[in-house]
Amino acid sequence: MNTTFLDACRGKKTSHVPVWFMRQAGRYLPDYQRVRNKLTFLELCKNPALCVEVTLQPIDIFGFDAAILFSDILIPMEAMGLALEFHDGRGPIFPEPVRDLQKITALRVPDPEEDMPFVLETIRLLRQELKVPLIGFAGAPFTLATYVIEGGSSKNFFATKSMMFREPELYRAILDKITACTSSYLIAQAKAGAQALQLFDSWAGALAPCDYERFALPYVQTILADLRQHTDIPLIYFANNGATLLRHTAGLDADVLGIDWRIPLADAIRQAGPHAVQGNLDPLALFLPKAELEARIAAMLEDARAARGYIFNLGHGVVPETDPDQVKIAVEAVHRFSQVNQN
Ligand code: CP3
């Protein structure tokens, strides 16, 4: 078992810097496309054998040091009773957004084993196959709430923020339910065999820091506290566009903070408090010519020597247009340069 990822999460020394990429399974891979062409995205998410297959693809092809469960952050929102649709090229849609008390009351807090058995089955099957650690995940409550309140993706989060400011008790009621759902979902993933857990707060950076502190952070704290009572596996919190929030996130009881590319890695490490750090190559830097990509990776590894623990990753997900050969170059560069760096 290659434990470099888990060791780095805990700030232990490793033989090389571990690397995995957010969205490492997905449309940039021809092997993923071949599987995905036969069924819809949601059908794929509910088919454990195929989820195992697409989770393993990037591990086998590129030699990543960790696998991330193939699923989606919105699966538990469907299990809460909301209709969910994915249309190619348009992202996720909730045809009936949650904006009044009646709809909030109707939301169920699902039983993960009953309502999302395919996710837990995927985890169990993966643990039999994998020689690298398996990361489970969920969306953070604020990010999930934006999707269900807006009815899908959004640019300025008008519906979410106006509910937050004008009907805070409604907003709090939704967030409380999503938080309860997320805690029990992640605890179930850990019980099924996930070896680390990541919370994705993809839209946290849309909030002013004072609003993040009131309307997003407390729910993340609740989940982390719930998880600490049930499991001792490493916990990762990733706030996309979160450099302005580090003052708040540096105090979280997570083992690792995920960092996006809008802040120099060295600055993020200085501000990350006691945490290990994960990130933060711009996903579009994978389009650089080989020599420049390698030079950028070498510079990041140099800066990362100051970190309490360091996991190489992108600052957000791989984009579908990415050339898989460039991913291979990046993973090999991280491994090669970090081994040299330790001598
Ligand atoms: O490899 C992995 O990272 C594991 C699988 C994974 C997916 N989604 C698969 C996916 C993970 C960890 C996610 C998380 C996710 N999903 C997030 C948080 C991370 C982030 O990117 O900010 C968010 C916000 C979502 C919601 C979501 N799912 C969106 C906005 C979209 C559409 C946009 C897009 O990229 O197509 C999805 C669909 C989705 N999730 C795909 C995949 C592989 C593409 C679906 C397809 O095959 O058509």
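For ligands, and for the atoms within them, numbers begin at 1 and follow the listed sequence.
Residue Ser202 approaches ligand 1 through these ligand atoms, each under 4.0 Å from one of its heavy atoms: 18 (C), 19 (C), 20 (C), 22 (O), 24 (C). Within the listing of ligand 1, atoms 29 (C), 30 (C), 31 (C), 32 (C) sit less than 4.0 angstrom from a heavy atom of Pro92. Taking a cut-off of under 4.0 Å to the non-hydrogen atoms of His316, the atoms of ligand 1 that pass are 20 (C), 21 (O), 22 (O). Listed by atom number, the atoms of ligand 1 under 4.0 Å from Gly91 heavy atoms are 32 (C). Interface atoms of ligand 1 facing Leu69, defined by a heavy-atom separation under 4.0 Å, are 4 (C), 5 (C).
In this structure, Asn2 and Pro133 approach most closely via the heavy-atom pair O-CD, 3.1 Å. Nearest approach of Ile73 to Pro76, heavy atoms of both residues: O-CD, 3.3 Å. Summarising the geometry of Gly139 relative to Thr182, their closest heavy-atom pair is O-CG2, 3.7 Å, with the distance given to 0.1 Å.
For ligand 1, the polar-atom distance check against Tyr32 finds a nitrogen or oxygen pair separated by under 3.5 Å. Residue-to-ligand polar distances keep Trp203 apart from ligand 1: every N/O pair is separated by 3.5 Å or more. Between Thr143 and ligand 1, no N or O atom pair is found at a separation short of 3.5 Å. For Ala25, a nitrogen or oxygen atom sits less than 3.5 Å from a nitrogen or oxygen atom of ligand 1, counting backbone and side chain alike. At a 3.5 angstrom cut-off on N or O pairs, Ser153 does not count as close to ligand 1.
Of all protein heavy atoms, the one closest to atom 23 (C) of ligand 1 is Ile73 CD1, 3.4 Å. Residue, atom and distance of the protein heavy atom nearest to atom 15 (C) of ligand 1 are Arg23 NH2, 3.6 Å. Ranking the protein heavy atoms by distance from atom 11 (C) of ligand 1 puts Phe137 CZ, 3.7 Å first. The protein heavy-atom contact nearest to atom 9 (C) of ligand 1 is Ser71 O, 3.3 Å. With respect to atom 24 (C) of ligand 1, the closest heavy atom belonging to the protein is Tyr147 OH, 3.3 Å. Protein heavy atom in closest approach to atom 26 (C) of ligand 1: Asp72 OD2, 3.6 Å. Taking atom 42 (C) of ligand 1 as the reference point, the nearest protein heavy-atom neighbour is Phe41 CE1, 3.5 Å.
Hydrophobic clustering (side-chain heavy atoms under 4.5 Å, transitive across Ile, Leu, Val, Met, Phe, Trp, Tyr) groups Val277 together with Leu252.
Across the listed options Arg36, His87, Arg27, Arg27 owns the non-hydrogen atom lying nearest to atom 34 (C) of ligand 1. Looking at Phe200, Phe86, Phe238 and measuring to atom 37 (C) of ligand 1, the nearest heavy atom belongs to Phe86.
Using a 4.0 angstrom heavy-atom cutoff, Pro58 does not count as in contact with ligand 1. Taking 4.0 Å as the cut-off, Asn240 does not count as a neighbour of ligand 1 on heavy-atom distance.
Aromatic ring orientation, His316 versus Trp261: parallel (interplanar angle below 30°, classes split at 30° and 60°).
If you look at Phe137 and Phe200, their ring centroids are closer than 6.0 Å.
At a threshold of 4.0 Å, the pair Glu294-Lys290 counts as salt-bridged, since one of the basic side-chain nitrogens sits closer than that to a carboxylate oxygen.
The list of side chain to side chain donor-acceptor pair (under 3.5 Å) pairs with a residue in residues 163-174, not counting sequence neighbours, reads Arg172-Tyr219.
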Would Arg228 and Asp253 satisfy salt bridge (charged side-chain N to carboxylate O under 4.0 Å, His left out), going step by step from the backbone distance to the final call?
CA-CA 9 Å; Arg228 291 293 192 207; Asp253 183 20; 3.2 Å; yes

Would His335 and Asp65 satisfy side chain to side chain donor-acceptor pair (under 3.5 Å), going step by step from the backbone distance to the final call?
CA-CA 10 Å; His335 284 161; Asp65 297 289; 2.6 Å; yes

Yes or no on side chain to side chain donor-acceptor pair (under 3.5 Å) for Gln339 and Ser15, after CA distance, side-chain angles and deciding distance?
CA-CA 7 Å; Gln339 249 144 14; Ser15 56; 5.1 Å; no

Report the C-alpha separation of Leu281 and Asn313 in whole Å, then their side-chain angles, then the decisive distance to 0.1 Å, and conclude whether the side-chain contact (heavy atoms from CB on, under 4.5 Å) test is met.
CA-CA 7 Å; Leu281 183 71; Asn313 205 315; over 6 Å; no

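Of the candidates Phe157, Phe142, Phe238, Trp203 forms a ring pair (Phe, Tyr, Trp, His ring centres under 6.0 Å) with just one, namely Phe157.
Of all the heavy atoms of Pro320, none lies under 4.0 Å from any atom of ligand 1, so neither backbone nor side chain is involved.
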